[in-house]
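A short write-up of the structure that comes next.
Counting starts at 1 for both ligands and their atoms, following the listed order.
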Amino acid sequence: MKKIKSIEDYHKEYKKSIEQPETFWSEIAENFIWKKKWDSVLKWDFNNYNVNWFLNGKLNITENCLDRHLSSKGNQPAIIWEPNDPKEKALTLTYKELHEKVCSFANVLKNNGCKKGDRICIYMPMVPELAIAVLACARIGAIHSVVFGGFSFNSLADRIHDADCNLVITSDGAYRGAKDIPLKSVVDEALKTCPTVKKVIVLRRTNSKVEMQNGRDVWWNDEIKKVNADCPAETMDAEDMLFILYTSGSTGKPKGVVHTCGGYMVYTGYTFKNVFQYNDGEIYWCTADVGWITGHSYLVYGPLLNGATTLMFEGIPTWPDAGRFWEVIDKHKVNIFYTAPTAIRSLEAMGLDFVKPHKLNSLRVLGTVGEPINAEAWNWYNENIGKNNCPIVDTWWQTETGGIMISPIAGITKTKPGFATLPLPGVQPVLLDESGKELQGNNVDGRLCMKFPWPGIIRTTYKNHERCKEVYFSTFKGYYFTGDGCRRDEDGYYRITGRVDDVIKVSGHLLGTAEIENAINEHADIVESAVVGFPHDIKGWGIYAYVICDRKRDDVEELKKEIIGTVNKFMGPIAKPDKIQIVTGLPKTRSGKIMRRILRKVAEGDVNNLGDTSTLLDPAVVEEIVKGAVK
Ligand code: PRX
């Protein structure tokens, strides 16, 4: 696949992608292996949402990730795995080895009753077997639904239910810094309410004690001994589902975002190569967990589609100390490093002593993803990690977009701190005002929408196409609505200003306020709660919860601890509130709607500017809330 070589080349490619999108994308798709070529490139309708790319094309994404590299790169590392504990040995899997392991595990899946179209839930630590499990599903045409290991049993059960999974792949436990997290017991708890699951495959990782249920649970290591490594890749239609990945929305129930085989492959393959300007032989490291879309697209699929070497890290940035990322970069001579602003901010806060001992001279490109990066963190990253010598790609995209949409091309697009800069070829962003009018020209602020499909676009929300239409295609007729606010500056550069809906980005993780409220309300004494975000120095946004307790509790601190425990238990530690305020009422309109605008202002400490409160059912509650606000 050819790469964009200069800014002129970018503009030329961009123009072509807008004027002749079908020619543009079919030329890119030609770089992949298809079992049968597509009949037509694109069919689309944003009004009654339906998008198809590469119609009637047949392929298997794993042949593109693995088989086709065997002759030229069979002995090149595909995955370098760095364990949580620096004292444990790192592991390298060549393309040949990875291919063998994927095919073997695909046969294990078949032996355990899996077939094309089945949904398989993967709940695992960041070990090579996680990538192997994902690819093995794709090999046999089963649809993977990876659930982040930081979610607890309730969130896991919701996701297993929604996708009707019949098999779960997990491990005994997971190492995360100094902690040993018991994954299998979370699965056991979740499965009490998931009758569709007939089999659980358990990988041994921490050697912790687990309960194995007879007839249902089998060990990965036992099963793998029963198979060989011969597993032809299933033929998939371009529009067959590749995976479901759940993302939070404005309502309590997460949405099962569906991506399909052909378009997702073309889009992640193309964007990986171009955004990072990947050169053969380079070591690329994306720190995201495979439980999130970044891990799917830019740790597993994008790099492997390009025959790259992708580094997978099991641990956390601050253990054994805050120099761990930098140590790994030197150890494995990482050339491209892709991480989240929240990680950068937390490491910046730990001070330069953790950076200084490391050379970092293998680095060529740096990237960020997941949330806006403030200029200070961008500059710190640029100076101390990139040594003013590595272009930074601030990549804007979403679970629903499948791949990067707005981003500099490394070393080619002039960067500006805090700006995702320009749309990639094929991406047609527009800014709309509240009435849905397109804002023309530069120096404008609006709601970020897309007016034309790209191959990686969400196809549906699993089993609920109406929800997909409603969430993404009904706010502004004829457009895909991202949910983000955005500015286009005087240079035509895009800067994402943040969410405009009821979801919060906490440490780069998208969390629905309703989902957190549901978890809080599981506490026996809580009758109602309202969650909003507030600006947080490290996490970007923190979680502020207003809760109504149905009996007088004098032990407020204890109550707060219990609430945090409840959220941990039902949703997971990522959703833990930073501030909790006990209130006797919430500001509601006469129709019963919570006025979140007021709650947000109080959480932000901006109490002199609450706007009109006269339409509230009980304006007095606002006073009480302001008085009791948690600083
Ligand atoms: O608000 C934007 C923010 O993350 C949201 C998408 O979250 P998720 O689906 O979890 O995917 C994250 C990883 C792709 C967006 O709607 N976001 C993502 N990247 C950026 C960003 N905000 C600002 N700058 C970015 N580079």
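Of the listed options Ala420, Cys486, Gly370, Ser297, Gly370 places a heavy atom closest to atom 3 (C) of ligand 1.
Contact of the Asp394 side chain with the Ser407 side chain is not registered, since no non-hydrogen atoms from C-beta on lie closer than 4.5 Å. In this structure the side chain of Val328 reaches within 4.5 angstrom of the side chain of Leu311, judged on heavy atoms.
Nearest to atom 23 (C) of ligand 1 among the protein's heavy atoms is Pro372 N, 3.1 Å. Shortest contact from atom 12 (C) of ligand 1 to any protein heavy atom: Lys505 NZ, 3.5 Å. Among all protein heavy atoms, the one lying closest to atom 6 (C) of ligand 1 is Trp397 O, 3.6 Å.
Rounding to the nearest 0.5 angstrom, the gap separating the CH2 atom in Trp285 from the CE atom in Met312 is 12.5 Å. Expressed to the nearest 0.5 Å, how far CZ of Phe313 lies from CD1 of Ile329 amounts to 10.5 Å.
Residue contacts with ligand 1 leave out Gly483, since none of its heavy atoms falls under 4.0 Å from the ligand.
For ligand 1, none of its N or O atoms has an N or O atom of Thr368 under 3.5 Å away. For ligand 1, the polar-atom distance check finds no N/O of Thr247 at less than 3.5 Å from any of the ligand's N/O atoms. Between Thr482 and ligand 1, not a single N/O pair is under 3.5 Å apart. Residue Thr294 has no nitrogen or oxygen atom sitting less than 3.5 Å from a nitrogen or oxygen atom of ligand 1, judged on distance alone.
Shown in contact with Thr395 at under 4.0 Å from a heavy atom are these atoms of ligand 1, numbered in order with element: 19 (N), 20 (C), 25 (C), 26 (N). Listed by number with element, the atoms of ligand 1 under 4.0 Å from a non-hydrogen atom of Asp484 are 1 (O), 2 (C), 15 (C), 16 (O). Residue Thr399 has at least one heavy-atom neighbour below 4.0 Å for each of these atoms of ligand 1: 8 (P), 9 (O), 10 (O), 11 (O). The contact set between ligand 1 and Val369, taken as ligand atoms under 4.0 Å from a residue heavy atom, comprises 13 (C), 14 (C).
Figure legend: Lys416 and Tyr493 shown as a cation-pi pair, the cationic atom lying under 6.0 angstrom from the six-membered ring centre and within 45 degrees of its axis. Stacking of Lys579 on the aromatic ring of Phe534 is recorded, both the 6.0 Å distance cut-off and the 45° axial limit being met.
A donor-acceptor pair under 3.5 Å is formed between the side chain of Ser346 and the backbone N or O of Ala343. One N or O on the side chain of Asn274 and one on the backbone of Ile4 form a donor-acceptor pair closer than 3.5 Å.
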Given the rule in the side-chain hydrogen bond (donor to acceptor under 3.5 Å, both in side chains) test, do Arg600 and Tyr544 qualify, once you have shown the distances and angles that lead to the verdict?
CA-CA 9 Å; Arg600 273 187 218 113; Tyr544 193 118; over 6 Å; no

